[in-house]
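First up is the structure itself, then whatever we jot down about it.
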2 protein chains.
Amino acid sequence: MPGNLAAVDELDRTAATRLRDVGQRYTSNRAALVEVLAASSHPLTIPEILEARRGMPQSSVYRNLTVLEEAGLVQRVASSDEWARFELAEDLTEHHHHQICTSCGQVRDVTLPPAVERSLDASLGKVAAANGFKLQHHRLDLVGLCGDCATG
Amino acid sequence: MPGNLAAVDELDRTAATRLRDVGQRYTSNRAALVEVLAASSHPLTIPEILEARRGMPQSSVYRNLTVLEEAGLVQRVASSDEWARFELAEDLTEHHHHQICTSCGQVRDVTLPPAVERSLDASLGKVAAANGFKLQHHRLDLVGLCGDCATG
DNA sequence: ATGAGTGCAAAGGCTTTGCATTAGG
DNA sequence: CCTAATGCAAAGCCTTTGCACTCAT
């Protein structure tokens, strides 16, 4: 819900708390990163973040993204294979997946019907258990062509 | 089916054909790469490939992997986020997914029950269609801890 | 005050590229 | 034969790190 003031405020408090929990401060740069990621409907690359926050040094972006990741506020997304992309941790947003365009690399968030997620989780849980694997979560991407690329 | 002679032979012919189709030669280095990938039960990193084929220069590995990818024989796998991993294109193997250990980065191949795959594809198809997205395939990873890491 | 955070610039590490040589068809 | 492929080394590019300065608590 980008732009929702109450939600943004709560996100802010959550961020401060989780950072404090890992012995980190909630600085303006970090708040800015959280804000930028929260305002986006898709995972952002470093260039995109730098574009959104002109003047913030790359090193600060990298360093703080790492800190935010360790605090469980941000997660790295494996996209096509070009650049690292970042989004808010899933428990701060909604469980969702990514639609990745193989032509232009565009990444868009998508959600699946809850029933599908449930049956999928059940199946994955069985497979993981059979392999002695401790399943934490799943990652599902739709790979194909976005509207623009399919047409052009 | 690693090690199956007949299958290896057919793979060889397929590789030669697809390379020729894109105007590339099937050289010994490329054959070696296909062989190494075919013999593995999980996606390989460049270091692993170099280990399996001592003496092959890195530049050749990178360059030929790119060619093989363009010929539709090999595909890059998005793993945790450390190194690029490569495996044979899916139509040369079996439809499968990856179990990724967040602790050690290990990637293992896993397959899901056909019924699960079918219902998943059906759902994804609907979602994609609703977004004007031309779905080519899906990518599903089980993320968690492998047996070794969960215990240690 | 006082250690964490910041910014700039330099260093790292995986990956790509230039060029002369070798080999595939 | 003639062009593509190879191999070595150098260059690229995203990312990380060192260090002195500044800000948060």
Side-chain angles (χ1 to χ4, degrees), chain A residues 12-13 15-37 43-71 73-86 105 107, chain B residues 12-13 15-37 43-71 73-86 105 107:
Chain A
D12 234 47
R13 274 182 274 112
T17 302
R18 293 197 188 171
L19 280 169
R20 203 177 312 117
D21 288 348
V22 294
Q24 298 282 355
R25 297 173 183 168
Y26 192 39
T27 65
S28 57
N29 273 346
R30 292 171 186 178
L33 287 174
V34 169
E35 190 184 316
V36 169
L37 294 179
L44 297 176
T45 62
I46 269 78
E48 286 172 335
I49 294 174
L50 288 171
E51 168 70 17
R53 272 296 184 284
R54 315 277 183 115
M56 189 182 295
Q58 284 202 0
S59 62
S60 293
V61 175
Y62 279 108
R63 242 182 313 225
N64 286 321
L65 242 18
T66 301
V67 170
L68 293 173
E69 196 179 5
E70 286 167 356
L73 287 162
V74 162
Q75 60 193 22
R76 218 169 273 244
V77 172
S79 57
S80 275
D81 207 57
E82 348 137 354
W83 271 309
R85 285 167 184 270
F86 298 84
V107 178
Chain B
D12 233 47
R13 273 182 273 113
T17 303
R18 292 198 189 170
L19 281 170
R20 203 176 314 119
D21 288 349
V22 296
Q24 299 282 355
R25 298 172 183 168
Y26 192 40
T27 66
S28 58
N29 273 343
R30 292 173 186 174
L33 287 174
V34 169
E35 189 184 317
V36 169
L37 294 180
L44 297 175
T45 63
I46 269 77
E48 287 173 333
I49 294 174
L50 288 171
E51 169 70 17
R53 271 296 182 283
R54 314 280 183 110
M56 189 182 294
Q58 283 202 1
S59 61
S60 293
V61 175
Y62 279 107
R63 243 184 309 224
N64 286 321
L65 243 17
T66 302
V67 170
L68 292 174
E69 197 179 4
E70 287 167 355
L73 288 162
V74 162
Q75 60 192 20
R76 218 169 272 243
V77 172
S79 58
S80 277
D81 207 56
E82 349 137 353
W83 271 309
R85 285 167 185 269
F86 298 83
V107 178

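Note: hydrogens, waters and symmetry copies are ignored here, and every other heavy atom, side chains too, is used. The structure presented is a predicted model; accordingly, all values stated were derived computationally and were not measured. Chain letters run A, B, ... following the sequence lines, proteins first, then strands; residues in each count from 1.
Summarising the geometry of A:Leu50 relative to A:Pro57, their closest heavy-atom pair is CD2-C, 4.3 Å, with the distance given to 0.1 Å.
For B:Arg53 and D:dG7, the CZ to P distance is 13 Å, given to the nearest whole Å. Regarding A:Met56, its CE atom lies at a distance of 17 Å from the C1' atom of D:dT15, rounded to whole Å. Rounded to an integer number of Å, the gap from B:Leu50 CG to C:dT15 P is 10 Å. Between the CD atom of B:Glu48 and the P atom of C:dC14 there is a distance of 14 Å, given to the nearest Å. Note: CD (B:Gln24) to P (D:dT3) measures 16 Å, nearest angstrom.
Distances from the side chain of A:Arg25 to the nucleotides D:dA24, C:dG25, C:dC8 place D:dA24 closest. Picking from D:dA5, C:dG7, D:dT15 the nucleotide with the shortest atom distance to the side chain of A:Trp83 gives D:dT15. Which of D:dG7, D:dT15, D:dT6 sits closest to the side chain of B:Arg30 comes down to D:dT6. Taking the side chain of B:Tyr62 as heavy atoms from C-beta on, and the options D:dT6, C:dG3, C:dT16, the nearest nucleotide is C:dT16.
With DNA chain C read from its 5' end, the first of the two nearest nucleotides for B:Tyr26 and B:Phe86 is the one closest to B:Phe86. Sequence order on DNA chain D of the closest nucleotides to A:Arg63 and A:Pro47 puts A:Pro47 first from the 5' end.
Counting distance only, with no hydrogens placed and no angle test, the side-chain atoms of B:Arg20 and the base atoms of C:dG24 include no donor-acceptor pair under 3.5 Å.
For D:dA5, the OP1/OP2 oxygens have no side-chain nitrogen or oxygen of B:Asn29 closer than 4.0 Å. Residue B:Ser60 has no polar side-chain atom (N or O) positioned under 4.0 Å from OP1 or OP2 of D:dT6. A sub-4.0 Å separation between OP1 or OP2 of D:dA4 and a side-chain N or O of B:Thr27 is absent. In this model, the phosphate group of D:dA5 is not approached by any side-chain N or O of B:Asn64 to a distance below 4.0 Å at OP1 or OP2.
At a threshold of 4.0 angstrom between heavy atoms, the contacts of B:Ser59 include nucleobase atoms, whether or not backbone atoms are also involved. The residue B:Gln58 sits close to a base: some heavy atom pair falls under 4.0 Å.
One N or O on the side chain of A:Arg54 and one on the backbone of A:Glu51 form a donor-acceptor pair closer than 3.5 Å.
One finds the CD atom of B:Gln24 at 9.0 Å from the CG atom of B:Leu68 (value rounded to the nearest 0.5 Å).
Residues B:Arg76 and B:Thr66 meet the side-chain proximity criterion, which asks for heavy atoms closer than 4.5 Å.
For the side chain to side chain contact (heavy atoms under 4.5 Å, CB included) test with B:Leu33, the passing option among B:Leu73, B:Val67, B:Asn64 is B:Asn64; the others fail.
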